[in-house]
Amino acid sequence: MQNEYALIINGQAVAGANGTFDVLNPATEEVVAACPQASVEQLDQAVEAAQQAFKTWQHSSREERKDALNRIADRIEAAADELAEIIVKEQGKPLALAQVEVGGAVAWTRYTAELDIPVELIEDSDSKRIELHRKPIGVVGSITPWNWPLMIAVWHIMPALRAGNTVVAKPSGFTPLNTLKLVELINQELPAGVCNVVAGESGIGSAMSNHGGISKIVFTGSTPTGQRIMRSAADNLKRLTLELGGNDAGIVLPDADVEAIAEGIFQTAFLNMGQTCAALKRLYVHDSLYDELCDKLAAIAQAQTVGNGLNEGVTFGPVQNREQFDLVRELVDDARANGGRVLSGGEPLNGKGYFYPPTIVADVSDGVRLVDEEQFGPALPVTRYSDVDDAIARANACEVGLGGSVWSCDLTRAQQVASQLECGTAWINGHAEVLPYAPFGGCKMSGFGVEFGLEGLLEYTVPQVININK
Ligand code: NAD
């Protein structure tokens, strides 16, 4: 694996003016690599380069951008093994899942390349022609979290470029290396300055959110950070897409087939060790199925092989960082102290690494922290209900609203319930599935704006009406 990483500013690989910081492997707590730490002056240089590049890139043709994105996808594909290994080492997920992440990055890049932004004809009469055009915004700042670092960087950067913007990206300090590599690959196909990357936690993120040269921020991360960004974005009225935290509820209806749904519930609750924004985070199960489903989930959890994601046979990796690991432990201990019955896991593994096994906690209800707060980790609270309307009310009694799900054999009834959930996506007999062509975003405190599909692409544009008097 490459050990030297660089920032990319105006097409040049540069060292961090503030030295380096260590990126840790969550499976071993050993240093993966030293990451360059940018200064605020380097951020300014990156923004300046992006502003200069925007003057030309905004006028590039549809074909030019499409071809560039497809060539970038080729490069990501060619570097897939290296990228997947970097992801496992700095993020912790098992290698097979890291390969899925790289595959997703390629698929999203290719899909975004093919999207077109239509000119809408509003009026075409004898006297008048009115057209609605969509123009790029300018410099887009991308700020990403540590859970799906490569995929989320691609979700931000590719539509920004496709729409004709230029980019300054800032990855999470926990998982910056894959994004530095990604932007290096992108720069092999784009003019200097179109896509830049800075890294470091020394105030770079907040400097981006109040930077006068950045016209839009696309942010994926926690709700409190999203709120901070929104406050400081006011000075130059930055456009914002905020993909924030969630506490997704799943409701299992009385007619569900436990045998058929248990694996799906487990996989979507524990996807990426539960560190997925739209993972199933609270499960409401009807009385009549409660014990059977709890037993099944516990059996699936106990069958996982927990370990270093690079080791053969491992299905479950570590939590990404110490803070998150401590939070999961705290929430499970609190649930246990409040009557929760731990059916699997419930204690960290001894030794090095932030290993916390998949944990199913039964007999907890609303009012307990594990149910009320986003755990963002490998612990699922399973709550009992007897009245469906009550379950819907409890699912909605929450400040955030990213996703939700209903599990049932009766699709009509399931859809009636799903439509009452206050969330951006409601799945039926599934959860956490994102697709390049289906708009995805949250409501309430989970943020606003969507990603993916044409609607997602339009978030990287501003409308301009051309009003022609003939
Ligand atoms: P975080 O908010 O701590 O950090 C996210 C990014 O913001 C990092 O790059 C960080 O350096 C940067 N940052 C920190 N302070 C900043 C500031 N003041 N101004 C600007 N940037 C700043 O989130 P995290 O812990 O990395 O990620 C976990 C959270 O992200 C969870 O709540 C999860 O639900 C959410 N998430 C949401 C989605 C979604 O699509 N809605 C996807 C993934 C994760």
Side-chain angles (χ1 to χ4, degrees), residues 246-274 276 278-304 315-316 328 331-332 335-336 338-346 356-368 370-372 374-375 377-398 403-418 420-421 423 426-433:
N247 194 8
D248 290 15
I251 300 177
V252 179
L253 297 185
D255 76 300
D257 176 349
V258 168
E259 195 66 43
I261 63 173
E263 183 73 31
I265 288 178
F266 179 85
Q267 293 302 341
T268 56
F270 290 93
L271 178 60
N272 198 32
M273 284 52 72
T276 298
L280 200 169
K281 291 175 180 150
R282 302 176 277 157
L283 188 63
Y284 291 87
V285 184
H286 190 263
D287 253 339
S288 57
L289 308 173
Y290 189 81
D291 292 330
E292 189 189 353
L293 184 53
C294 282
D295 289 348
K296 272 257 168 299
L297 290 173
I300 300 169
Q302 281 155 5
Q304 302 305 308
T315 59
F316 211 86
V328 171
L331 293 180
V332 173
R336 195 191 273 113
N338 283 286
R341 198 159 44 93
V342 176
L343 303 181
S344 69
Y356 201 96
T359 296
I360 306 286
V361 185
D363 299 347
V364 275
S365 194
D366 311 71
V368 171
L370 182 60
V371 180
D372 292 355
E374 181 186 36
Q375 70 280 54
L380 179 68
V382 189
T383 296
R384 194 187 285 272
Y385 77 87
S386 49
D387 173 65
V388 175
D389 289 334
D390 176 51
I392 297 168
R394 288 154 75 186
N396 287 338
C398 179
S405 60
V406 183
W407 303 75
S408 167
C409 294
D410 179 347
L411 297 186
T412 308
R413 176 72 182 124
Q415 193 166 347
Q416 285 165 356
V417 174
Q420 294 177 67
L421 294 177
C423 56
W427 290 274
I428 292 170
N429 295 326
H431 205 116
E433 184 188 32

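With a 4.5 Å cut-off on side-chain heavy atoms, V406 and Q416 do not count as touching. A 4.5 Å side-chain heavy-atom check between P357 and F316 finds every atom pair outside the cut-off. Looking at I251 and V285, their side chains never come closer than 4.5 Å, going by heavy atoms from C-beta outward. You'll find the side chain of R394 reaches within 4.5 Å of the side chain of T383, heavy atoms only. Put simply, the side chain of K281 does not reach to within 4.5 Å of the side chain of P381, judged on heavy atoms. Inter-residue side-chain proximity for L283 and L297 is flagged as met; some heavy-atom pair is nearer than 4.5 Å. Counting only heavy atoms from C-beta outward, the side chains of V361 and V382 never approach each other to under 4.5 Å. Contact annotation: the side chain of F270 never approaches that of Q304 to less than 4.5 Å [non-hydrogen atoms, C-beta and beyond].
To the nearest 0.5 Å, atoms CD1 (I300) and CD1 (I360) are separated by 8.0 Å. To the nearest 0.5 Å, atom CD of residue E259 and atom CG of residue L293 are 10.5 Å apart. Between the CG atom in L331 and the CD atom in Q375 there is a gap of 7.5 Å [rounded to 0.5 Å]. Separating the CG atom in D372 from the CZ atom in R282 is a distance of 8.0 Å, to the nearest 0.5 Å. Note that CH2 of W427 and CH2 of W407 are 10.5 Å apart. Values are rounded to the nearest 0.5 Å. Within the model, atoms CZ of R336 and CG of L370 stand 11.0 Å from one another, a figure rounded to the nearest 0.5 Å.
Closest approach of A279 to G274, counting heavy atoms only: CB-O, 4.3 Å. Contact detail for D255 and C409: the closest heavy-atom pair is OD2-N, 2.8 Å. Across all non-hydrogen atoms, the minimal contact from L421 to A395 is CD2-CB, 4.0 Å. Residue C294 comes nearest to L343 through the heavy atom pair CB-CD1, 3.6 Å, listed as atom of the first residue, atom of the second, then distance.
Using a 3.5 Å distance cut-off with no hydrogens or angles, the side chains of H431 and S405 do pair a donor with an acceptor. A donor and an acceptor atom, one from each side chain of S344 and Q302, are nowhere located under 3.5 Å apart. Of the N and O atoms on the side chains of D366 and Y284, at least one donor lies less than 3.5 Å from an acceptor on the other residue.
Note: Y385 and H286 have perpendicular aromatic rings, judged against thresholds of 30 and 60 degrees for the angle between ring planes.
No donor-acceptor distance shorter than 3.5 angstrom exists from the side chain of N338 to the backbone of V368, with no hydrogens or angles considered. Between the side chain of E374 and the backbone N or O of N247 there is no donor-acceptor pair closer than 3.5 Å. Not a single donor-acceptor pair under 3.5 Å links the side chain of S408 to the backbone N or O of L253. In this structure, the side chain of D410 engages the main chain of T412 through a donor-acceptor pair within 3.5 Å. In terms of modelled atom types and a separation under 3.5 Å, the side chain of D248 and the main chain of L280 share no donor-acceptor contact. Formation of a donor-acceptor pair under 3.5 Å by the Y290 side chain with backbone atoms of D363 is found in this model.
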Task: Chi angles and distances behind the salt bridge (charged side-chain N to carboxylate O under 4.0 Å, His left out) call for K296, E263 - done: CA-CA 8 Å; K296 272 257 168 299; E263 183 73 31; over 6 Å; no

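Each salt bridge (Lys or Arg N to Asp or Glu O under 4.0 Å) pair with one or both residues in residues 284-293, not counting sequence neighbours, appears once here: D287-R384, D291-R384.
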